[in-house]
Amino acid sequence: MNNKEIYINNTLTGKKEKFKPITENFVGIYVCGPTVYSEVHLGNCRTFVFFDTLVRYFHFLGYKVRYVRNITDVGHLVNDADEGEDKIAKKAKLEQLEPMEIVQKYTLNFHEVMHSFNTLPPDIEPTATGHINEQISMVEKILKNGFAYEVNGSVYFDVKKFLESGNDYGELSGRNIEDLLAGSRDLDGQQDKKSPQDFALWKNADDSHIMKWDSPWGVGFPGWHLECSAMSSKYLGNKFDIHGGGMDLKFPHHECEIAQAKGANHEHPVNYWVHSNMLTLNGKRMSKSTGNTILPFELFTGSSSHLTKSFSPSVVRFFMLQAHYSGVLDFSNEALIASEKGFRKLMNAFDLIKHHDFVEQHIDEQQNSKVESLCSSCFTFMSDDFNTPKVIASLFELVSIVNHFNSTSWSISNSTFELLQKTFCGFIEEVLGLENEITGNSSLTNQLIELVLELRKDAKANKNYQISDKIRDELVKIGVEIKDGKDTTSYTIKN
RNA sequence: GGUCUCGUGGCCGAGCGGCUAGGCAGUGGUCUGCAAAACCAUCUACAUCGGUUCGAAUCCGAUCGAGACCUCCA
């Protein structure tokens with residue numbers, strides 16, 4: 001088996017399947033982005049960090065990737081009974097701002113946070129309001145195919161009709177229509193719908209609405225699920241490789257996307273559905289109402305009551321990747337502290353390997369093949385449904401070996417060292433997207449530290465330990481950690 | 001109420017029929033003027049009760065417990 005063949009747990013089929021791109025060497029990915037009505041919370045970040053890692057791995061293997069992640073800036077209702085206020089418009093009234101101001105503010109915030117987590121920007125980041133025409137044409141297509149109906153200026157998807165013509169509604173979330181009917185509640189303002197599980201494609205807007213557009217059915221705005229269907233098909237085609245998002249979007253959002261796409265184009269829009277799991281805080285779900293939540297910036301500044309200190313985005317990213325994306329991950333101060341230490345250890349070895357001047361000496365065959373097989377296992381694990389925790393475990397095993405070499409001798413061949421350097425550094429930087437947290441590390445800073453260490457060395461040589469310890473302790477206080485080797489001294493700058 | 005998922009050592013977290021996951025913490029050494037870092041060695045596991053199997057954290061059933069979705073959410 002080739003360990004660069006990717007296997008993906010397809011949540012549509014519930015099976016791990018070998019990934020076969022529609023077009024050889026190309027991969028199209030759509031991930032549901034945020035609704036920009038408030039600051040991104042950490043759970044969102046986990047999803048985007050994971051899909052960033054997925055995209056990075058495809059790049060690493062040489063695929064040409066088109067990664068589309070939308071910005072929802074209209075159409076997302078406060079409740080999903082297709083009745084109620086638009087999230088953006090509600091927040092706009094609350095803050096006395098224009099809807100576009102809200103969108104701008106939180107889009108910028110989102111980008112800033114994503115940047116700090118070292119995620120690569122998507123290749124296309126379309127907005128819902130920028131694709132009203134595409135959404136209207138999609139509604140027209142669905143109407144023409146007979147899977148929607150118009151009532152009082154609104155258009156609804158006709159789930160019953162869809163089922164009657166041999167389609168499945170619930171294939172992704174494993175629900176059947178009886179369950180849905182049994183579980184549905186009586187909500188106000190649903191009298192326009194023929195059936196409770198029908199969902200809005202286009203909503204009529206009354207005078208109180210500030211965000212609205214002309215359409216063949218009068219003035220209104222698009223339904224939430226529609227934008228993803230319209231934009232994914234526009235940029236990736238009616239059928240594309242991978243669709244991702246958080247678990248919680250499986251139903252109803254992704255289910256509706258499938259129905260819409262089939263209703264418009266008569267085919268399932270996606271080959272592989274990938275869903276990342278939730279993030280909990282201290283064992284409980286994050287929720288703004290109970291205060292059980294952390295915002296990214298609170299993490300970076302340490303200002304949350306759930307934390308005893310601040311954590312850098314790299315540490316948080318590393319922490320997230322230490323768990324598999326498909327499981328629930330619990331976030332806690334203690335777990336973060338443990339991760340931070342491990343992260344430092346990993347990154348120290350990264351620096352060591354990256355800058356090591358390797359000279360081939362003797363070769364220990366056993367060590368040599370151990371390094372080779374660990375390098376190979378990084379690909380095997382990453383290809384097996386993006387198993388980042390196992391990849392990290394292999395990297396740590398390499399860390400031990402490398403540190404051992406460093407304190408004894410490097411008993412591997414030239415070519416093995418090159419493989420190690422390429423694989424270890426490649427996985428850390430390019431695949432996992434981890435970066436050393438050293439900030440403001442200008443060459444001037446380094447030169448100054450080296451000068452100070454030079455003075456300390458002199459003091460030590462003169463057995464003036466009072467001076468040498470003072471230098472060391474004061475440097476530690478300002479975040480420079482000293483590591484004395486046999487004949488050299490190295491240092492690490494902590495933030 | 002309906003539909004699912006999960007219960008792993010002091011903590012986090014992989015594995016999902018036989019082979020040491022890994023990280024953090026702990027313990028004992030080595031190195032060092034002392035530290036730190038690093039190295040070597042080492043201790044704690046698979047919720048409970050049954051069943052299948054030569055063999056089960058891993059499969060099946062029951063019980064208890066936790067969580068998610070069905071309602072805005074990544």
Side-chain angles (χ1 to χ4, degrees), chain A residues 14 31-35 37-38 40-51 69 76-81 84-85 87 90 170 173-176 178-185 187 197 224 244-253 275-280 283-289 318-319 322-332 334-346 348-349 352 377 381 387-397 399-400 402-408 460 463-465 468-469 472-473 476 481-486 489-492:
Chain A
V31 173
C32 291
T35 303
Y37 70 105
S38 69
V40 251
H41 79 87
L42 214 53
N44 289 274
C45 295
R46 182 191 188 192
T47 298
F48 300 133
V49 162
F50 164 65
F51 283 103
R69 187 185 64 205
H76 204 157
L77 300 173
V78 169
N79 67 55
D80 202 43
E85 282 184 288
K87 278 191 169 178
K90 183 182 179 185
S173 52
R175 283 155 215 270
N176 60 53
E178 289 78 23
D179 291 340
L180 290 171
L181 285 172
S184 74
R185 299 182 304 190
L187 288 157
Q197 74 281 349
W224 169 38
M247 256 326 216
D248 48 350
L249 292 184
K250 242 177 160 180
F251 188 89
H253 185 57
H275 289 96
S276 61
N277 216 135
M278 302 292 104
L279 191 67
T280 56
K284 288 191 204 110
R285 123 206 188 90
M286 286 205 189
S287 151
K288 279 185 199 167
S289 53
F318 173 72
F319 171 77
Q322 262 188 311
H324 191 77
Y325 75 89
S326 63
V328 174
L329 173 63
D330 188 51
F331 212 83
S332 69
E334 293 65 36
L336 238 12
I337 287 172
S339 269
E340 182 170 52
K341 289 185 184 165
F343 175 75
R344 292 240 162 83
K345 185 171 164 185
L346 186 67
N348 283 342
L352 178 66
S377 73
F381 294 142
N387 199 327
T388 53
K390 290 205 86 171
V391 171
I392 290 171
S394 288
L395 292 176
F396 270 113
E397 287 189 57
V399 169
S400 292
V402 163
N403 283 332
H404 178 74
F405 285 158
N406 206 238
S407 59
T408 54
K460 274 178 72 174
K463 296 202 191 282
N464 191 342
Y465 296 124
S468 69
D469 287 358
R472 181 183 66 200
D473 296 346
V476 167
E481 186 180 68
I482 304 303
K483 289 176 276 191
D484 285 337
K486 254 195 165 58
T489 297
S490 61
Y491 61 93
T492 305

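Per chain, numbering begins at 1; letters A, B, ... match sequence-line order. Values reported hereafter were calculated over all heavy atoms of this structure, with side chains retained and with hydrogens, waters and symmetry mates removed. These figures come from a predicted structure and were not determined experimentally.
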Trainee: Tell me: CD of A:Glu340 to C1' of B:rC11, nearest whole Å?
Mentor: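 So the two atoms are 16 Å apart, to the nearest Å.
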Trainee: Expressed as a whole number of angstroms, how long is the span from A:Leu395:CG to B:rA14:P?
Mentor: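 It is 16 Å, rounded to the nearest whole Å.
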Trainee: Which value, in whole Å, describes the distance between the P atoms of nucleotides B:rG15 and B:rC59?
Mentor: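 Roughly 12 Å separates the two P atoms.
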Trainee: B:rC12 P sits how many Å from A:Arg46 CZ, rounded?
Mentor: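 About 15 Å, once rounded to whole Å.
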Trainee: Please classify the glycosidic conformation of B:rA57 as syn (within 90° of 0) or anti (everything else).
Mentor: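 Base orientation: syn.
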Trainee: Hey, does A:Leu279 reach any base, or is it just sugar-phosphate, or nothing, if we go heavy atoms under 4.0 Å?
Mentor: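 Base, at least one base heavy atom under 4.0 Å.
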Trainee: Does the plane of the ring in A:Phe396 sit parallel, tilted or perpendicular to the ring in A:Phe318? Use 30° and 60° as the thresholds.
Mentor: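 Rings of A:Phe396 and A:Phe318: perpendicular, over 60°.
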Trainee: Considering only B:rG15, B:rA74, B:rG22, which nucleotide approaches the side chain of A:Gln322 most closely?
Mentor: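 My answer, after comparing the listed nucleotides, is B:rG22.
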Trainee: Would you kindly compare A:Met247 and A:Ser173 by the position of their nearest RNA chain B nucleotide and give the one closer to the 5′ end?
Mentor: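 It is A:Ser173, whose closest nucleotide lies nearer the 5' terminus.
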Trainee: If I pick the C1' atom on B:rG7 and the same atom on B:rC46, what distance separates them, to the nearest angstrom?
Mentor: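 B:rC46 and B:rG7 have their C1' atoms separated by 10 Å.
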Trainee: Within this structure, what is the CG-OG1 distance for the pair A:Leu249 and A:Thr47, rounded to the nearest 0.5 Å?
Mentor: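 The CG atom of A:Leu249 sits 8.0 Å away from the OG1 atom of A:Thr47.
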Trainee: Starting at CZ of A:Phe251 and ending at P of B:rG2, how long is that distance when rounded to a whole Å?
Mentor: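 About 17 Å, once rounded to whole Å.
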Trainee: Over all strands shown, is A:His324 touching base, sugar-phosphate only, or nothing at heavy-atom distances under 4.0 angstrom?
Mentor: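 Sugar-phosphate contact only.
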Trainee: As a test of reading the structure: which of B:rA74, B:rC12, B:rC70 is closest to the side chain of A:Phe319, going by heavy atoms?
Mentor: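 Between B:rA74, B:rC12, B:rC70, the one nearest the side chain of A:Phe319 would be B:rC12.
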Trainee: How would you summarise protein contacts on nucleotides 33-43 of chain B per nucleotide, using B for base, S for sugar-phosphate only and - for none, with heavy-atom distances below 4.0 Å?
Mentor: BBBBSSSS---
Trainee: Nearest to the side chain of A:Phe396 - B:rA14, B:rG23, B:rA74?
Mentor: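 The closest nucleotide is B:rG23.
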Trainee: Would you check, one step at a time, whether the test side chain to side chain contact (heavy atoms under 4.5 Å, CB included) holds for A:Phe50 with A:Arg46?
Mentor: CA-CA 6 Å; A:Phe50 164 65; A:Arg46 182 191 188 192; 5.5 Å; no
Trainee: Considering only atom P, compute the distance from B:rU8 to B:rA45 and round it to an integer number of Å.
Mentor: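 Going atom to atom, P in each nucleotide, I get 14 Å.
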Trainee: Considering only B:rA74, B:rA21, B:rG15, which nucleotide approaches the side chain of A:Ala393 most closely?
Mentor: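 Between B:rA74, B:rA21, B:rG15, the one nearest the side chain of A:Ala393 would be B:rA21.
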Trainee: Do A:Thr280 and A:Asp330 pass the side-chain hydrogen bond (donor to acceptor under 3.5 Å, both in side chains) test, and can you show the C-alpha distance, the side-chain angles, and the key distance before you say yes or no?
Mentor: CA-CA 5 Å; A:Thr280 56; A:Asp330 188 51; 2.8 Å; yes
Trainee: Going by heavy atoms in the side chains, are A:Asn403 and A:Leu352 under 4.5 Å from each other?
Mentor: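 A side-chain contact exists here, since the closest heavy-atom pair is under 4.5 Å.
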Trainee: Roughly how far apart are A:Leu279 CG and A:His41 NE2, rounded to 0.5 Å?
Mentor: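 Here the rounded value is 8.5 Å.
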Trainee: Which string of ( ) [ ] | and . matches RNA chain B, if you list each base 5' to 3' and count Watson-Crick or G-U pairs only when both distances are under 3.5 Å?
Mentor: (((((((..(((.....[...))).(((((.......)))))....(((((..]....))))))))))))....
Trainee: Using the C1' atom as the reference point in each nucleotide, state the distance between B:rG65 and B:rC49 in Å, no decimals.
Mentor: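 One C1' to the other, the span is 15 Å.
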Trainee: Are any of A:Lys341's side-chain N or O atoms less than 4.0 Å away from OP1 or OP2 of B:rG23?
Mentor: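 Negative; the distance criterion is not met.
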Trainee: Mind checking if A:Gly43 touches a base, just sugar-phosphate, or nothing, with heavy atoms under 4.0 Å?
Mentor: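 A:Gly43: base contact, heavy atoms under 4.0 Å.
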Trainee: Write down the distance between CG (A:Asn277) and C1' (B:rC4), rounded to a whole number of angstrom.
Mentor: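 After rounding, the reported distance stands at 11 Å.
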Trainee: What's the CD1-C1' distance between A:Ile392 and B:rC24, to the nearest Å?
Mentor: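 It works out to 14 Å between those atoms.
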Trainee: Find out whether A:Val399 and A:Leu346 are in side-chain contact, i.e. whether some heavy atom of one side chain is under 4.5 Å from a heavy atom of the other.
Mentor: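 SC-SC contact between A:Val399 and A:Leu346 confirmed.
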Trainee: For atom C1', what is the distance between B:rA57 and B:rG17, given to the nearest Å?
Mentor: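 My reading of the C1' atoms in B:rA57 and B:rG17 gives 10 Å.
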Trainee: Rounded at 0.5 Å granularity, tell me how far CG in A:Asp248 sits from OG in A:Ser276.
Mentor: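 Output value for this atom pair is 8.0 Å.
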Trainee: Could you work out the separation of B:rA47 and B:rC40 based on their C1' atoms and round it to a whole Å?
Mentor: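 Rounded to whole Å, the distance is 36 Å.
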Trainee: Would you find a donor on one side and an acceptor on the other, under 3.5 Å apart, between the side chain of A:Arg69 and the backbone of A:Pro34?
Mentor: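 Side chain of A:Arg69 to backbone of A:Pro34, a donor-acceptor pair under 3.5 Å: no, none is there.
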Trainee: What distance do A:Ser332 atom OG and A:Ile337 atom CD1 have between them, rounded to the nearest 0.5 Å?
Mentor: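 The OG atom of A:Ser332 sits 8.5 Å away from the CD1 atom of A:Ile337.
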Trainee: Please classify the nucleic acid contact of A:Asp473 as base, sugar-phosphate, or nothing, using heavy-atom distances under 4.0 Å.
Mentor: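 No contact at all - A:Asp473 keeps every heavy atom at 4.0 Å or more from the nucleic acid.
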Trainee: Quick one: does A:Thr388's side chain get under 4.5 Å of A:Tyr325's, heavy atoms only?
Mentor: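 A side-chain contact under 4.5 Å is absent here.
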Trainee: Between B:rA14, B:rC69, B:rG23, which one does the side chain of A:Ala338 approach most closely?
Mentor: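 So the nucleotide nearest the side chain must be B:rG23.
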Trainee: Check the distance between B:rG13's P and A:Lys390's NZ and give it to me in whole angstrom.
Mentor: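 In whole Å, B:rG13 P lies 17 Å from A:Lys390 NZ.
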Trainee: Considering only atom P, compute the distance from B:rC43 to B:rG22 and round it to an integer number of Å.
Mentor: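 Result for the P pair: 13 Å, nearest Å.
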Trainee: Output all residues satisfying side-chain hydrogen bond (donor to acceptor under 3.5 Å, both in side chains) with A:Ser468, sequence neighbours left out; order by chain, then residue number.
Mentor: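 Per chain and number, A:Ser468 pairs via side-chain hydrogen bond (donor to acceptor under 3.5 Å, both in side chains) with no residue.
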Trainee: Roughly how many Å apart are B:rC69 and B:rG10, using the C1' atom of each and rounding to a whole number?
Mentor: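 Those two atoms are separated by 33 Å.
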Trainee: Please state how far atom CG in A:Leu329 lies from atom C1' in B:rC12, giving the value in whole angstrom units.
Mentor: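 It works out to 9 Å between those atoms.
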Trainee: Choose from B:rC70, B:rG13, B:rA74 the nucleotide whose nearest atom is closest to any side-chain atom of A:Phe48.
Mentor: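 So the nucleotide nearest the side chain must be B:rA74.
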